[in-house]
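Excluded from the calculations below are hydrogen atoms, water molecules and symmetry mates; all remaining heavy atoms, backbone and side chain alike, are included. Naming convention: chains lettered A, B, ... in sequence-line order (proteins, then strands); numbering from 1 in each chain.
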There are 2 protein chains.
Amino acid sequence: MRLTRQADYGIVVMTHFARLGEGETHTTRDIAAEVHLSVPMISKILKALARGDLLVSQRGVNGGYSLSRAADEISVADVITALEGPIGMTACTDEHSDGCDIDDVCAVRGNWQLVNQVVRRALENITLEHMAEPMPCTFDELMPPPRKERLPQAHNHERDS
Amino acid sequence: MRLTRQADYGIVVMTHFARLGEGETHTTRDIAAEVHLSVPMISKILKALARGDLLVSQRGVNGGYSLSRAADEISVADVITALEGPIGMTACTDEHSDGCDIDDVCAVRGNWQLVNQVVRRALENITLEHMAEPMPCTFDELMPPPRKERLPQAHNHERDS
DNA sequence: GGAAATAGAACCATTTTGGTCCTCTATTCA
DNA sequence: TGAATAGAGGACCAAAATGGTTCTATTTCC
Ligand code: FES
Ligand code: FES
């Protein structure tokens with residue numbers, strides 16, 4: 001339930017890009033200096049982000065990286081996916097359930113998919129533009145209402161407690 | 001962005017409890033057998049869940065574990081918290097930012113808190129009762145609408161692109 | 001008192017992650 | 001043409017987290 005440090009830094013870097021101009025390219029060393037991290041580390045992260053089509057790389061003299069699209073077209077889910085693979089909280093997806101020992105007798109796998117969807121969508125709704133805001137909106141429109149009590153019974157209950 | 005296997009199994013176990021009767025107590029060995037996992041592993045998980053006040057333990061002969069409250073009063077967020085600590089996707093919280101090297105110059109820490117809130121709330125809204133449903137509701141009321149385009153500009157934009 | 005159950009902690013093997021470094025390729029410009 | 005600059009890709013190793021097991025205490029019922 002915690003993302004890796006690389007993904008963490010990845011968001012910082014991408015947010016930094018979002019704060020800078022739209023199509024500007026910046027070199028690895030510049031970014032590293034501005035974000036106060038080591039050049040090799042940033043380099044590794046930038047490469048992964050470029051592989052994920054979130055950054056465009058330009059080699060050679062005057063080269064560097066730039067955002068591949070507008071800041072409000074890139075979500076934190078995109079960044080995380082680029083840096084640590086598909087977002088999914090469980091080891092047991094519907095596809096390949098290797099890694100889970102109880103795949104055949106497990107009765108919650110279907111539900112897990114829905115849980116995954118919930119957090120994935122939550123992350124998809126947060127864009128780099130949001131992150132770039134100095135003190136952002138409250139994200140109220142991004143998260144479901146905090147109803148702690150009972151959920152509106154929109155689903156079919158047989159045994160209605 | 002992936003929860004540990006113990007938390008994974010923890011949810012399976014808790015869901016299993018939710019499917020059984022309300023106040024029934026079950027022994028470690030029974031649960032382990034029913035969930036098809038090793039006894040020591042389940043034991044470790046059950047102990048942690050009891051420490052988190054999600055299960056009530058009864059020692060001695062005829063002892064075992066039982067849910068501490070109704071299934072719709074326990075969220076998957078509770079289970080995860082009990083098994084892997086407070087939910088927070090980043091290493092750098094507002095409280096103790098040890099572990100992050102750029103805490104003082106980082107400009108996204110405030111926003112991270114909001115991101116954390118989004119997923120935490122999403123997880124808090126899913127109860128064991130939901131998980132216990134054979135094929136559950138679509139969780140439509142649990143997740144924010146999948147608006148992929150532009151967000152309703154409810155927040156203050158200075159530079160409105 | 002003995003059997004049955006959990007509590008708690010120590011323990012080690014394996015995997016994952018963090019971080020660095022080296023070589024190769026592409027681009028610009030003198 | 002060739003030197004300088006910048007990224008691509010991968011090998012590499014140390015450190016940390018995780019998974020899983022086992023042992024000894026403590027509580028409870030008969
Ligand atoms: S298949 Fe792995 S927990 Fe359900
Ligand atoms: S303080 Fe750690 S990434 Fe911002």
Trainee: Tell me the interatomic distance from A:Tyr9, atom OH, to C:dT17, atom P, rounded to whole angstroms.
Mentor: 15 Å

Trainee: Can you name the side chain to side chain donor-acceptor pair (under 3.5 Å) partners of A:Thr81, sequence neighbours left out?
Mentor: none

Trainee: Let me know the distance between CG of A:Leu49 and P of D:dG7, rounded to the nearest Å.
Mentor: 13 Å

Trainee: Any pair with a residue in residues 48-71 of chain A that passes salt bridge (Lys or Arg N to Asp or Glu O under 4.0 Å), sequence neighbours left out, goes on the list, sorted by first then second residue, please.
Mentor: A:Arg69-A:Asp78

Trainee: Please check the phosphate of C:dC29 (OP1 and OP2 only) for any side-chain N or O of A:Asn62 closer than 4.0 Å.
Mentor: yes

Trainee: Rounded to the nearest Å, what distance is computed from the CD1 atom of residue B:Ile42 to the C1' atom of nucleotide C:dA5?
Mentor: 16 Å

Trainee: Name all residues meeting the side chain to side chain donor-acceptor pair (under 3.5 Å) criterion together with A:Glu84; count only those two or more places apart in sequence or in a different chain, and write none if there are none.
Mentor: A:Thr4

Trainee: Starting at CG of A:Leu37 and ending at C1' of C:dT20, how long is that distance when rounded to a whole Å?
Mentor: 14 Å

Trainee: Show me the donor-acceptor pairs within less than 3.5 Å that the side chains of residues 26-33 of chain A make with the rest of the protein, sequence neighbours left out.
Mentor:
residue : atom : partner : partner atom : Å
A:His26 : NE2  : A:Glu24 : OE1          : 3.4
A:Thr27 : OG1  : A:Arg29 : N            : 3.3

Trainee: Can you name the closest pair of heavy atoms from B:Phe17 and B:Tyr65 and give their distance?
Mentor: CE2-O, 3.3 Å

Trainee: According to side chain to side chain contact (heavy atoms under 4.5 Å, CB included), who are the partners of A:Ser68, at least two apart in sequence or on a separate chain?
Mentor: A:Val56

Trainee: Of all residues at least two apart in sequence or in a different chain, which pass the side chain to side chain contact (heavy atoms under 4.5 Å, CB included) check with A:Ala82?
Mentor: A:Leu49, A:Leu54

Trainee: To the nearest Å, give me how far apart CE (A:Met41) and P (C:dC21) are.
Mentor: 12 Å

Trainee: Can you tell me how far P of C:dT16 sits from CG of A:Leu3, to the nearest Å?
Mentor: 18 Å

Trainee: Along nucleotides 6-12 of chain C, 5' to 3', which nucleotides get a B, which get an S, and which get a -, given that the test is a protein heavy-atom distance under 4.0 Å?
Mentor: SBB----

Trainee: With sequence neighbours excluded, what pairs up with A:Gln6 under the side chain to side chain donor-acceptor pair (under 3.5 Å) test?
Mentor: none

Trainee: For a quick check, with a 4.0 angstrom heavy-atom cut-off, what is the B/S/- contact string for nucleotides 13-18 of chain D, read 5' to 3'?
Mentor: -----S

